[in-house]
Amino acid sequence: MRNSTTTADAWMVYGQTLNSRLLLGTALYPSPEIMSQAIKTSHCDVVTLSLRRIVGSQSDTDASTNSQVFFDLITRIGTHLLPNTAGCKTALDAIQLAHMARELFNTNWIKLEVIGDDYNLQPDPFALVVAAKQLIDDGFAVFPYATDDLVLCQKLVDVGCQVIMPWASPIGTGQGILNPYALETLRQRLPNTVLIVDAGIGKPSDACRVMEMGFDGVLLNTAVAKAHDPIAMAQSFSQSIAAGRGAYRAGLMPKRQTAQTSTPLLDQPLWHQT
């Protein structure tokens with residue numbers, strides 16, 4: 001992969017060493033060229049992409065050609081590929097699509113999505129656990145897109161997921177962190193699980209806040225792709241995630257209920273203390 005130098009804050013995901021804690025999607029950009037530049041500028045190590053977008057329509061020559069161009073462009077960037085099962089509504093559909101993705105992209109990584117509600121694109125918790133267990137039994141490294149529900153995330157860990165991807169808010173809304181308590185609880189209760197916030201991040205400060213909580217990474221798409229300047233926004237997110245991670249590692253000061261002076265004085269001005 002293109003990031004060959006290991007940084008002091010490198011992390012392991014399913015046996016792979018990553019240097020960047022930003023993961024980017026590849027949809028909704030104004031053009032493939034802008035997408036490519038945004039990914040490169042962000043220095044991310046992982047991009048997610050839809051199998052349906054790559055395959056295209058076999059009866060439509062233009063669609064197939066465009067899909068091949070897109071795939072070639074992504075391949076040249078040199079990031080880890082994380083195909084997803086976007087659009088699947090049953091465990092069986094997701095499992096079948098995951099197997100197709102493994103053959104096409106030559107990777108056992110899969111971002112598992114099983115949508116249970118068309119309005120807010122909330123995952124189906126029951127089908128998600130069923131699909132995750134089967135795919136893990138089939139040798140996949142599963143990245144399940146989940147809600148911030150502790151019980152659901154624990155069930156996914158129990159069936160063998162080393163990575164959990166809870167949302168901050170529904171996909172594409174840009175609402176940011178709607179339930180900080182739930183996310184903080186996940187981090188506290190699943191200390192040995194890689195947690196990557198996926199969906200709902202709207203601005204760099206949202207991503208920074210997530211990283212300050214101790215999350216391992218952030219996956220986003222719309223906030224960069226739909227920005228007025230996706231390339232500049234990709235760089236901003238990269239910097240904010242690094243800043244949040246740095247703050248977490250440095251150790252945030254505890255919150256207090258009362259004010260406390262930063263410089264204690266002995267009831268008189270400095271010039272009277274000599």
Side-chain angles (χ1 to χ4, degrees), residues 1-3 18-57 60-88 97 100-101 104-105 107 109-113 115 120-121 143 145 165 167-176 196-208 210-211 217-242:
M1 295 300 166
R2 59 194 175 89
N3 286 334
L18 304 178
N19 294 315
S20 172
R21 292 174 180 269
L22 171 61
L23 298 79
L24 277 179
T26 55
L28 305 176
Y29 289 86
S31 71
E33 291 74 20
I34 291 177
M35 175 203 70
S36 176
Q37 286 301 312
I39 292 171
K40 291 176 181 177
T41 300
S42 75
H43 300 293
C44 75
D45 289 331
V46 179
V47 297
T48 184
L49 64 171
S50 171
L51 175 64
R52 288 185 171 92
R53 179 174 182 179
I54 296 298
V55 173
S57 171
D60 188 336
T61 302
D62 290 338
S64 298
T65 300
N66 291 338
S67 294
Q68 186 61 49
V69 170
F70 174 80
F71 183 53
D72 291 343
L73 183 61
I74 287 293
T75 302
R76 287 197 299 272
I77 294 173
T79 58
H80 291 276
L81 299 182
L82 178 59
N84 63 49
T85 61
C88 292
L97 196 61
M100 293 173 62
L104 181 60
F105 300 121
T107 178
W109 283 17
I110 191 72
K111 180 187 174 188
L112 178 60
E113 300 182 28
I115 301 303
N120 67 359
L121 301 181
F143 296 67
Y145 160 61
M165 304 180 75
W167 70 4
S169 53
I171 295 175
T173 63
Q175 292 287 329
I196 302 171
V197 168
D198 174 20
I201 296 296
K203 53 187 182 294
S205 57
D206 296 334
C208 184
V210 163
M211 297 305 295
V218 175
L219 192 157
L220 54 90
N221 186 173
T222 309
V224 168
K226 288 297 187 180
H228 292 299
D229 186 341
I231 298 171
M233 187 62 76
Q235 183 177 36
S236 294
F237 268 105
S238 179
Q239 293 168 341
S240 69
I241 287 171

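Computed from a predicted model, the values in this text were never measured in an experiment.
Annotation: side chain of Leu121 is not in contact with side chain of Pro170 (no heavy-atom distance under 4.5 Å). By the 4.5 Å heavy-atom criterion applied to side chains, Tyr145 and Ile115 are counted as neighbours. When side chains are defined from C-beta on, Thr79 does not count as touching Val46, because their heavy atoms never get closer than 4.5 Å. Inter-residue side-chain proximity for Leu22 and Leu220 is flagged as met; some heavy-atom pair is nearer than 4.5 Å.
For Ile196, the side chain to side chain contact (heavy atoms under 4.5 Å, CB included) partners at least two apart in sequence or on another chain are Trp11, Leu23, Val163, Met165, Val194, Leu219. Shown here are the ring-ring contact (aromatic ring centres under 6.0 Å, His included) partners of Phe143, two or more places apart in sequence or in another chain: Tyr14, Trp109. In this structure Asp229 satisfies the side chain to side chain donor-acceptor pair (under 3.5 Å) test with no other residue, sequence neighbours excluded. Take Ala225 and apply the side chain to side chain contact (heavy atoms under 4.5 Å, CB included) test, not counting sequence neighbours, and it matches Leu28, Tyr29, Asn221.
Note on residues 196-206: pairs passing side-chain hydrogen bond (donor to acceptor under 3.5 Å, both in side chains), not counting sequence neighbours, are Lys111-Asp198, Lys203-Asp206.
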Can you give each donor-acceptor pair under 3.5 Å made by side-chain atoms of residues 231-239, sequence neighbours left out, with the distance rounded to 0.1 Å?
unit_1, atom_1, unit_2, atom_2, d
Ser236, OG, Ala232, O, 3.2
Ser238, OG, Ser42, O, 3.1

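Taking all atoms of both residues into account, the shortest heavy-atom contact from Ala207 to Ile241 is CB-CG1, 3.8 Å. Minimum heavy-atom separation, Cys44 to Ser20: CA-OG, 3.5 Å. Closest of all the heavy-atom pairs between Leu49 and Thr26 is CB-OG1, 3.5 Å.
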Worked check of side-chain contact (heavy atoms from CB on, under 4.5 Å) between Ile77 and Val47: CA-CA 10 Å; Ile77 294 173; Val47 297; 5.9 Å; no

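Rounded to the nearest 0.5 Å, atoms CG (Asn19) and NE2 (His43) are 11.5 Å apart.
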